[in-house]
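Structure first, commentary second.
Side chains are part of it too, since the values below use all heavy atoms of this structure and drop only hydrogens, waters and symmetry mates. As the structure lists them, so they are numbered: ligands from 1, and atoms in each ligand from 1.
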Amino acid sequence: MDVVTGSEKLRGAVAMDGPAGTGKSTVSRRLAQAGGAAYLDTGAMYRAVTLAVLRAGLGADAPEADVVAVARAVRLQSGTDPAAPSIELDGEDVESQIRGAPVTRLVSAVSAVPAVRAQLVERQRELVADALANSGGAVVEGRDIGSVVLPEASLKVYLTASPEVRAARRAAQDRKAGRPTDLDAVLADVRRRDELDSTRATSPLHAATDAVVLDTDDLSVDAVLEKLLALAHERGLLT
Ligand code: DC
């Protein structure tokens, strides 16, 4: 099904939260495309900072102050076109490097640092304000968008799925991208990141109280997108 009609317009901010492997990125991009809106992948921003931390020779045991210093020093640029989202670190396109295993292993630790979050949340709010000023609508995906970054979002969605289904989806994505993959290792990593992301002290992963929760275990990407489009129509955000 091709829903990229371009004839409808999404207005306002849509917050898309949930753990990895729920299809969040795909449906967020397609929703933004369908509504001629901007798309912001906040996970890519945490990943890019993590890449900079690794390049600085720091690991999971690094002092928090050193991680914060790296985060403050980097220049991040997030492209918000849903057809070609991009992320640059100090002017270098790092889109493919931020998806590799070293970054994926360390990103939960880096994103648990409160000063890193404070800095990125501020940047995310600026990017969304620019996007709303330019195109009127934005779909923003992450873990804390509805709860922290954009508590006033017009629509908040929390996507979930079982760890097994999410691991299978992640492994399929890795295979498609030509990255080495091992389903058991991916499942272990999904569980480890769920635990870290939902138990950290600052902005733990949880559904905002006013979020619409969608379990995607038995839903295809197209089915999720249809539900999102219906919700946006119901709320008068897509006309
Ligand atoms: O969506 P992703 O897998 O690319 O996100 C990478 C990591 O960044 C994830 O483990 C949690 C963290 N993250 C976060 O803490 N807050 C966000 N708004 C987005 C991502």
- Message: Could you go through R99 and D41, starting from their C-alpha distance and side-chain angles, then the distance that decides it, and tell me whether this counts as salt bridge (Lys or Arg N to Asp or Glu O under 4.0 Å)?
- Response: CA-CA 13 Å; R99 309 290 164 191; D41 175 3; 3.2 Å; yes
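Looking at R193 next to ligand 1, an N or O pair under 3.5 Å apart turns up.
Residue, atom and distance of the protein heavy atom nearest to atom 20 (C) of ligand 1 are G43 CA, 3.5 Å. Nearest protein heavy-atom contact of atom 18 (N) of ligand 1 is D144 OD1, 2.8 Å. Here the heavy atom of the protein found nearest to atom 19 (C) of ligand 1 is T42 OG1, 3.4 Å.
Atoms of ligand 1 lying under 4.0 Å from at least one heavy atom of S111, given by number and element, are 12 (C), 15 (O). Of all atoms in ligand 1, listed by their number and element, those nearer than 4.0 Å to a heavy atom of D197 are 9 (C), 10 (O), 11 (C). The contact set between ligand 1 and S108, taken as ligand atoms under 4.0 Å from a residue heavy atom, comprises 10 (O).
If you check the side chains of T216 and R169, you find a donor sitting under 3.5 Å from an acceptor. Side-chain N/O atoms of S111 and R47 include no donor and acceptor closer than 3.5 Å. There is a side-chain donor-acceptor pair under 3.5 Å between R11 and T239.
Among R170, R47, R200, the residue whose heavy atom lies nearest to atom 6 (C) of ligand 1 is R47. Scanning R143, R192, E141 for the heavy atom closest to atom 1 (O) of ligand 1 points to R143.
Contact between R117 and ligand 1 is present, with at least one heavy atom of the residue lying under 4.0 Å from the ligand.
Checked against R117 for a side chain to side chain contact (heavy atoms under 4.5 Å, CB included), the options V149, D144, V148 give a single hit: D144.
Not counting sequence neighbours, the partners of E92 by the salt bridge (charged side-chain N to carboxylate O under 4.0 Å, His left out) test are R55.
The other members of the hydrophobic cluster of V213, by chain and number, are Y158, L205 (side-chain heavy atoms under 4.5 Å, ILVMFWY only).
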